[in-house]
There are 2 protein chains.
Amino acid sequence: MTKLQSQGREPFEAVDRAPEAQADGFATVRQAHESEIAEDYVELIAELIETRGEARPVEIAERLGVKPPTVTKNISRLKAAGLVRREPYRAIFLTDAGQDLAEICRRRHRVVVAFLLSLGIDKETAERDAEGIEHHVSGTTLEAFERRLNQK
Amino acid sequence: MTKLQSQGREPFEAVDRAPEAQADGFATVRQAHESEIAEDYVELIAELIETRGEARPVEIAERLGVKPPTVTKNISRLKAAGLVRREPYRAIFLTDAGQDLAEICRRRHRVVVAFLLSLGIDKETAERDAEGIEHHVSGTTLEAFERRLNQK
DNA sequence: TAGATAAGTTAGCCATGTCTAACTTTGTAC
DNA sequence: GTACAAAGTTAGACATGGCTAACTTATCTA
Ligand SMILES: [Mn+2]
Ligand SMILES: [Mn+2]
Ligand SMILES: [Mn+2]
Ligand SMILES: [Mn+2]
């Protein structure tokens with residue numbers, strides 16, 4: 001009576017995994033979070049350049065919902081990572097590597113949003129959820145999303 | 001030639017959003033990341049208690065892929081948050097609040113995994129991706145996932 | 001029941017990412 | 001061409017979540 005109390009119906013089963021595989025999963029999540037800021041920044045910068053002509057710290061700060069000093073610090077890290085080119089007090093540009101990453105991220109972002117929308121989710125929720133989900137979607141899963149979108 | 005170069009086909013459109021809504025989205029992601037550790041820990045603790053009889057730091061560390069001191073530190077935080085009850089050098093128990101949270105998280109985790117599996121994604125990838133995605137799935141989106149699962 | 005081993009904790013380090021306060025630079029308006 | 005407002009940076013604080021090294025406690029085994 002205490003061990004297998006499946007009194008109600010179990011809608012979905014818990015998958016029993018090897019500790020090592022589970023640890024691997026968590027490590028993947030932690031890695032995704034490390035790249036997340038870089039991805040969101042280059043994505044945003046690319047969009048600002050495209051829609052506003054240039055990418056300025058104020059605007060980045062406004063759209064990310066953070067304060068300007070945070071942007072300065074993070075942009076420095078992007079620069080150190082070779083994703084961004086810029087001189088102090090000037091607008092921000094993407095290096096080739098930055099542009100490549102931005103391309104990948106924007107495409108992935110759009111696919112995730114489109115997929116959520118195709119499930120009948122409203123636009124605001126789709127965008128909000130996608131902003132986090134996008135960083136945890138593997139190539140395999142992204143392809144599955146696209147397959148669904150194209151076949152419907 | 002420089003402004004609207006839609007030479008190829010645009011598969012998905014970029015949604016143009018108000019800066020404030022966008023900032024809101026990013027804030028939501030940051031908040032999700034703050035609760036993430038608590039969620040993953042209580043979920044794991046509940047599973048260990050169920051499948052192994054008790055939850056011990058070594059095992060938690062092994063399954064999360066982190067070192068024991070990290071677990072000690074995080075468990076202290078959970079205790080301060082009122083999610084966990086325990087004395088030093090002893091096994092870890094969930095408070096009522098902890099159990100409630102664990103229930104919610106386990107269910108959400110299972111739904112996300114089942115949904116990914118229903119898309120034809122392999123088990124390992126589904127589990128890996130779900131571990132990150134679960135924290136960014138709103139109630140609305142979770143319901144959409146369940147709707148799909150039940151109607152198919 | 002003593003000693004050895006395993007488990008757990010503590011202390012202290014580091015990187016990340018946020019903030020406020022204060023300062024500097026830039027660009028504009030007159 | 002000066003002064004002012006806006007934008008940007010710097011300095012320094014704080015919380016989080018990892019780590020290693022060293023210590024303590026609990027458990028097992030001979
Ligand atoms: Mn994002
Ligand atoms: Mn995340
Ligand atoms: Mn998780
Ligand atoms: Mn989980």
Side-chain angles (χ1 to χ4, degrees), chain A residues 19 22-45 48-49 52-81 83-93 131-132 135, chain B residues 19 23-45 48 52-81 83-93 131-132 135:
Chain A
Q22 199 172 359
D24 234 63
F26 285 111
T28 301
V29 174
R30 287 191 295 267
Q31 267 187 281
H33 287 160
E34 274 180 34
S35 350
E36 178 155 349
I37 289 233
E39 293 178 355
D40 286 337
Y41 271 71
V42 296
E43 200 181 325
L44 222 201
I45 290 166
L48 286 174
I49 290 175
R52 324 271 318 207
E54 60 177 10
R56 283 281 176 182
V58 235
E59 203 131 3
I60 295 174
E62 191 192 0
R63 291 179 124 93
L64 290 177
V66 299
K67 301 295 178 186
T70 301
V71 173
T72 298
K73 203 180 270 191
N74 285 330
I75 293 291
S76 301
R77 294 200 252 253
L78 294 194
K79 191 178 172 182
L83 294 168
V84 133
R85 188 162 31 83
R86 89 121 153 190
E87 293 127 292
Y89 298 99
R90 294 267 118 90
I92 297 150
F93 301 91
E131 199 55 75
H135 308 282
Chain B
D24 234 65
F26 284 111
T28 301
V29 173
R30 287 190 296 266
Q31 267 188 281
H33 287 160
E34 274 180 36
S35 350
E36 177 155 351
I37 290 233
E39 294 178 355
D40 285 338
Y41 271 71
V42 298
E43 198 181 325
L44 221 200
I45 290 166
L48 286 173
R52 324 271 319 207
E54 57 176 15
R56 284 280 177 183
V58 234
E59 203 130 4
I60 295 174
E62 191 193 0
R63 291 179 125 93
L64 290 177
V66 299
K67 301 295 177 187
T70 300
V71 173
T72 298
K73 202 180 272 190
N74 285 329
I75 293 291
S76 301
R77 293 200 253 255
L78 294 194
K79 191 179 171 182
L83 295 170
V84 133
R85 189 161 30 82
R86 89 121 151 189
E87 293 126 292
Y89 298 99
R90 296 265 118 92
I92 296 150
F93 301 92
E131 200 54 75
H135 309 282

Give every pair of a protein N or O atom and an N or O atom of nucleotides 4-6 of chain D that lie under 3.5 Å apart, one pair per line with the distance.
none

A:I37 CD1 to D:dT16 C1': how many Å, rounded? 13 Å

Contacting residues from residues 55-67 of chain B, given that a heavy atom lies under 4.0 angstrom of DNA chain C: B:R56, B:P57, B:V58

For the residue pair B:R77 and B:I37, establish whether any side-chain heavy-atom pair is separated by less than 4.5 Å. no

Tell me whether the OP1 or OP2 atom of D:dC19 has a side-chain N or O from B:T70 closer than 4.0 Å. yes

Protein-nucleotide distance (B:D40, atom CG; D:dT16, atom C1'), rounded to Å: 15 Å

Just checking A:R30: base, sugar-phosphate only, or nothing, at a heavy-atom cut-off of under 4.0 Å? sugar-phosphate

Contacts of B:R52 meeting side-chain hydrogen bond (donor to acceptor under 3.5 Å, both in side chains) (sequence neighbours excluded), chain-then-number -> B:E59

Out of C:dG17, D:dG17, C:dT25, minimum distance to the side chain of B:R77 belongs to D:dG17

Residues B:P57 and B:R86: closest non-hydrogen pair is CG-NH2, 4.0 Å

Under 4.5 Å between any side-chain heavy atoms of A:L48 and A:R63, yes or no? yes

Hey, is the side chain of A:R90 poking within less than 4.0 Å of OP1 or OP2 on C:dG27, counting only N and O atoms? yes

Spacing between B:E54 atom CD and C:dG8 atom C1', to the nearest angstrom: 13 Å

Atom of A:A38, atom of A:L83 and distance for their closest heavy-atom approach: CB-CD1, 4.0 Å

Given side chains that start at C-beta, do those of B:L64 and B:Y41 come closer than 4.5 Å, heavy atoms only? yes

Options D:dG18, D:dT16, D:dA21, nucleotide nearest the side-chain atoms of B:P69: D:dA21

Please report, rounded to the nearest Å, how far the P atom of D:dA15 is from the CD atom of B:E34. 12 Å

Taking the side chain as every heavy atom from C-beta outward, state whether A:H33 and A:R30 have any atom pair closer than 4.5 Å. no

Between CD of A:Q31 and P of C:dT16 the distance, given in whole Å, is 14 Å

Minimum-distance pair of heavy atoms, taken over all atoms of B:A32 and B:H135: CB-O, 3.3 Å

Between D:dG18 (P) and B:H33 (NE2): distance, integer Å: 12 Å

What is the distance, to the nearest angstrom, from the CD1 atom on A:I75 to the C1' atom on D:dG8? 12 Å

Whole angstroms only, please: what is the OH-P distance between A:Y41 and C:dT16? 14 Å

Spell out yes or no: do the side chain of A:K73 and the base of C:dT18 have one donor N/O and one acceptor N/O closer than 3.5 Å? yes

For residues A:I60 and A:I92, determine if any side-chain heavy atom of one lies less than 4.5 Å from a side-chain heavy atom of the other. yes

Work out which heavy atom in B:A23 is nearest to a heavy atom in A:E62; give both atom names and the distance. CB-O, 3.5 Å

Select one nucleotide: of C:dC19, D:dG18, C:dT18, the one nearest the side-chain heavy atoms of A:N74. C:dT18

